[in-house]
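Input: a single structure, listed below in structure tokens.
The chains referred to below are lettered A, B, ... by the order of the sequence lines, with proteins before strands, and numbering in each begins at 1.
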Number of protein chains: 2
Amino acid sequence: MVRKAHGKHGLKSPALVRDAEATRAHILDAAEEEFAANGLAGARTEAIAAKTKVTKAMIYYYFESKEKLYLSVLERAFVQRFQMAQAMKLESLPADQALERFIREFLDYTVKHRHQFPIFIHEAMQNKGKYYSKLGALSLYGVVMGILERGMAEGFFRRLDPFHTAVHIFGSCVFYFVSRENIKSLVPNKNLLGPQMLKGHIDGAVEFIMRGVRK
Amino acid sequence: MVRKAHGKHGLKSPALVRDAEATRAHILDAAEEEFAANGLAGARTEAIAAKTKVTKAMIYYYFESKEKLYLSVLERAFVQRFQMAQAMKLESLPADQALERFIREFLDYTVKHRHQFPIFIHEAMQNKGKYYSKLGALSLYGVVMGILERGMAEGFFRRLDPFHTAVHIFGSCVFYFVSRENIKSLVPNKNLLGPQMLKGHIDGAVEFIMRGVRK
DNA sequence: GTCTATACTGGGATAGAC
DNA sequence: GTCTATCCCAGTATAGAC
């Protein structure tokens, strides 16, 4: 369905060429959205097809099965998130500043790439981490635990357990998004994804977390 | 399938009597477990039947549909959790002690009634809070927000936003359970539900949260 | 590479005997 | 109240034309 003006090597291309690379990427984008909404089991290949404007059969042509498509989506998300963290250059900052920066950029990324995070939650809840475990090396827990250990050594942070504290930190950051659809009925006139509420959550989380770990 | 020695009024009972009340309760218990594992859409009525030792048809006889059964399970969980909070007598304690007590008892309850909490997460993720919103009046957010407001008035807590802070508190408490199946691969030789890890999580969460809210 | 049409299966729900 | 048998739709996956 996707056309571009020139073939891969820029030679002897007709005006309209089918572009397998672009089609693959479009399917991945649509699948990310569908898996975010429904998880692996709940996702409908038909719904993914509808979003991409290619047919269901094409999805099987490119990815063989719903499961393999899911793994591809998950892997891409893991890699992108990991690169996001690498790009922060946290090693060059004192640990307390590194932590605050990580939290803010991580939350900013989570909001912007809205469809990635719910996939991880569905993955834990419905697949019991079966696919997550294949990619755990790219998890962001290592990043946060590293900052916490450094912060204790540098004297910024109190004595704490890096693993459990990392879970508490991520929990403070992301439970807002996990439970969003439940708690929205508790604050009926607010838009939980609007700028005002997001700012309240993010600033509040930074304050809450930094106080929680500081000496 | 359930038998007891005497009928409701203890009169003219044959040796074995079918007990509708007990059967209903057994179905609810089995359904709670199945819905916790798979959510409404993912739950299999056949699986619930297998756990109860009654047939699938009985479930429809008692509850009409999978959806109505789900609502019954959800409502029972909401009521039990709310009663748990009422029983804590938090009003009789200063706000800081009330908060710590709430956290410990809430987490203790969450561990003991293992199947209730995942239902709420599945509810948010797959049903977008559709059924949760019918029961929001029994949510525990009100309890925590009340403690936070009182704590500010009494001078124990810093200036904070009760709603966002309540979300951060619950996040610190429960994300451990939400993401358990993902993070278990990151700590391969630990049992996340064993007493050691649970103590680490709970004590860590209390410390983290109390520092996060105190003046 | 892309489509249409269809085979096959899992699982919610119900009929009807006892 | 409880069972067995079955209807029927939704949804994954594939065959085969173009």
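Pairs passing the ring-ring contact (aromatic ring centres under 6.0 Å, His included) check and including a residue from residues 27-65 of chain B, sequence neighbours excluded, read B:F35-B:Y70. Here salt bridge (charged side-chain N to carboxylate O under 4.0 Å, His left out) pairs that include residues 112-128 of chain A, with residues two or more places apart or in two chains, are A:D108-A:K112. Among residues at least two apart or in separate chains, salt bridge (charged side-chain N to carboxylate O under 4.0 Å, His left out) pairs with a member in residues 193-206 of chain A are A:R104-A:D203, A:K199-A:D203.
At distances below 3.5 Å, at least one donor-acceptor pair connects side-chain atoms of B:N191 with backbone N or O atoms of B:L193.
Separating the CE atom of B:M58 from the P atom of C:dT14 is a distance of 15 Å, rounded to the nearest angstrom. A straight line from CD of B:E34 to C1' of C:dG11 spans 12 Å, rounded to a whole angstrom. As a whole-Å value, the separation of B:Y62 OH from C:dA13 C1' is 18 Å. Counting to the nearest Å, the P atom of D:dA17 and the OH atom of A:Y61 are 17 Å from each other. Rounding to whole angstrom units, NE2 of residue A:H26 and P of C:dG1 are separated by 16 Å. We find that CZ of A:R24 is positioned 11 Å from P of C:dG1, with the value rounded to whole Å.
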Under 3.5 Å, which donor-acceptor pairs do the side chains of residues 167-176 of chain B form with other protein atoms, sequence neighbours left out?
from: B:H168; atom 1: ND1; to: B:H164; atom 2: O; distance (Å): 3.1
from: B:H168; atom 1: NE2; to: A:H201; atom 2: O; distance (Å): 3.3
from: B:H168; atom 1: NE2; to: A:H201; atom 2: ND1; distance (Å): 3.1
from: B:S172; atom 1: OG; to: A:S172; atom 2: OG; distance (Å): 3.1
from: B:S172; atom 1: OG; to: B:H168; atom 2: O; distance (Å): 2.8
from: B:Y176; atom 1: OH; to: B:L192; atom 2: O; distance (Å): 2.7

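Remark: B:K130 pairs with no residue by the side-chain hydrogen bond (donor to acceptor under 3.5 Å, both in side chains) rule, at least two apart or across chains.
Between A:T55 and the phosphate of C:dT2, there is no side-chain N or O to OP1/OP2 separation shorter than 4.0 Å.
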B/S/- contact track for nucleotides 9-15 of chain D, protein heavy atom under 4.0 Å | --SBBB-

